[in-house]
Amino acid sequence: IYNVDKNNKIIVSIKEQGIVEYITPFTIVFIFLLSALAIYYLLYNRKRLFDKSISLKDKIRLYMIFIVICSLLAMMFVTISFINNNFEHQNNKELKTKIQTILTELEQTFAQQSNITDNDYDYFSEHIIKLSNLFATDINMYDNKGNLLISSRPQIFEEGFESQRLNPNVLRKFKNKTNTLIITNENIGKLKYTSAYIPVRNYQSKNIAYLNIPYFSKETDIKKELYSFIVTTINIYAMLIMIAIILAVFITSKITEPLSLIKDKLKSIKIGSENEKIEWKQQDEIGELIGEYNKLVDQIIVSTEKLAK
C-alpha cells in the first residue's frame with residue numbers, strides 16, 4: 001500500500017494461490033517419478049513377465065494396477081475432453097448472446113437504410129465505437145460484396161494484420177443462404193480466436209451488411225481457466241492412481257497371504273515330526289484348499305503311527 005496523498009492510495013495485490021497451485025509441481029514430479037519407476041520395473045522384469053517365474057502375487061498385483069491405471073487414465077481423458085468441449089460450448093453461447101444483442105441495436109440504427117456504402121462511414125462509425133465500448137468487444141461490418149465498411153478497431157486492417165475482405169467461406173455460406181449465424185475459428189498470425197458473423201437487415205428484411213465480432217479479448221482468460229480445470233483434474237486422478245496402487249499392493253498381499261502360508265506349511269511337512277494344521281474360519285476356495293491340507297496332515301499322522309507299529 002502506497003499513500004500518494006491524504007485522499008489517494010495505491011494498492012498492489014496478487015491473487016492468493018489455492019492448494020491446487022501449491023501441489024501442482026509436486027504432482028508433476030510424482031507422475032514423472034511414477035512413470036520412471038514403471039518403465040524401470042518393466043525393463044528390469046521384462047523376461048519374467050513373459051515366462052512362468054513370476055509369482056502369483058506379482059501377477060495379481062500387476063493386473064490390478066494395470067487395470068486401475070488404464071481405467072483412471074481413460075476417465076481422465078474423457079473428463080478433460082468434456083471440460084474442453086464444455087468451455088467451447090459456453091464460449092460460443094456467450095458469443096451468440098452478445099452478437100444477437102449488438103445486432104438488435106444495429107438493426108434499429110440501420111432500419112431505414114437500403115444499403116450501406118463508404119459515404120455512410122462517418123455517420124455510423126461513432127455509433128459502432130459506442131457499442132464496441134459498451135459491450136467490450138471489437139465490431140466489424142462488411143457490405144454485401146464482403147468489403148470492410150466500418151470497424152471499431154481499424155488499425156488492425158490498416159496495418160495489414162487482417163484482410164479487409166470478409167472470410168470467403170463465410171460469404172459463400174451467406175450467399176447460399178445455408179446459415180444465418182456462423183461461428184468459426186480464425187487467426188491473426190499465431191493468435192487464434194473465435195469469430196461470429198451474422199447478416200444485418202433493414203425493416204424490409206433486406207440484407208444490407210454483415211456483422212462480425214472477433215472474440216479474442218477473453219481467449220487468454222478462457223485458456224487459463226481451462227488450464228486450471230485440467231491441472232486440477234490431473235491432480236485428482238494422480239492422487240487416485242497413487243491411492244489405487246497402494247490399495248492394490250495391500251489387497252494382493254491380503255489375497256495371497258493364505259496361499260503363502262499354505263506354501264510355507266507344505267515346505268515344512270516332514271514324516272515323523274509334528275506338523276501343524278492351519279486354522280481357517282471362512283468357507284471359501286481358500287478354506288477348501290486349507291481343508292485338503294489339514295486332511296493331508298491327518299493322513300501323514302496316521303501313516304507315521306502305522307509305520308511306528
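- Side-chain contact between Q164 and N147: absent, with no pair of heavy atoms (C-beta onward) separated by less than 4.5 Å.
- Residues H127 and L106 meet the side-chain proximity criterion, which asks for heavy atoms closer than 4.5 Å.
- One N or O on the side chain of N85 and one on the backbone of S81 form a donor-acceptor pair closer than 3.5 Å.
- Taking every heavy atom of both residues into account, K98 and A136 meet most closely at NZ-O, 4.3 Å.
- Residues D138 and S132 approach most closely at CA-OG, 4.1 Å, considering heavy atoms.
- With rounding to the nearest 0.5 Å, the separation of CD in Q100 from CD1 in I213 is 9.5 Å.
- The CD1 atom of I198 lies 10.5 Å from the NZ atom of K96; values are rounded to the nearest 0.5 Å.
- Listed here is the closest heavy atom pair of R201 and E107: N-OE2, 3.3 Å.
- Contact of the S195 side chain with the N212 side chain is registered, since non-hydrogen atoms from C-beta on lie closer than 4.5 Å.
- The backbone N or O of T137 sits nowhere less than 3.5 Å from a side-chain atom of R153 that would complete a donor-acceptor pair.
- Note: R172 CZ to I182 CD1 = 10.5 Å, rounded to the nearest 0.5 Å.
- Counting only heavy atoms from C-beta outward, the side chains of L296 and Q299 approach each other to under 4.5 Å.
- Between K175 and N144, the shortest heavy-atom distance links the atoms NZ-O, 2.8 Å.
- Going from atom CG of L131 over to atom CG of L103 covers 11.0 Å, rounded to the nearest 0.5 Å.
- A distance of 10.0 Å separates NZ in K93 from CG in N86, rounded to the nearest 0.5 Å.
- The distance between the ring centers of F174 and Y210 falls below 6.0 angstrom.
- Considering only heavy atoms from C-beta on, L148 comes within 4.5 Å of F157 through its side chain.
- T180 approaches P199 most closely through the heavy-atom pair O-CD, 3.0 Å.
- Using a 4.5 Å cut-off between side-chain heavy atoms of Ile, Leu, Val, Met, Phe, Trp and Tyr, with links allowed through other members, I102 and I129 fall into different hydrophobic clusters.
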**OP:** Apply the test side-chain hydrogen bond (donor to acceptor under 3.5 Å, both in side chains) to residues N167 and E186: give CA-CA distance (whole Å), side-chain angles for both, the deciding distance (0.1 Å), then the verdict.
**Re:** CA-CA 9 Å; N167 186 324; E186 296 180 344; 3.1 Å; yes
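- Of the possible polar contacts, one joining the S152 side chain to the I139 backbone as a donor-acceptor pair under 3.5 Å is found.
- Between Y197 and L181 the shortest side-chain heavy-atom distance does not fall below 4.5 Å.
- The two residues Y193 and E162 come nearest to each other via the heavy atoms OH-OE1, 3.4 Å.
- Note: I246 CD1 to I251 CD1 = 11.5 Å, rounded to the nearest 0.5 Å.
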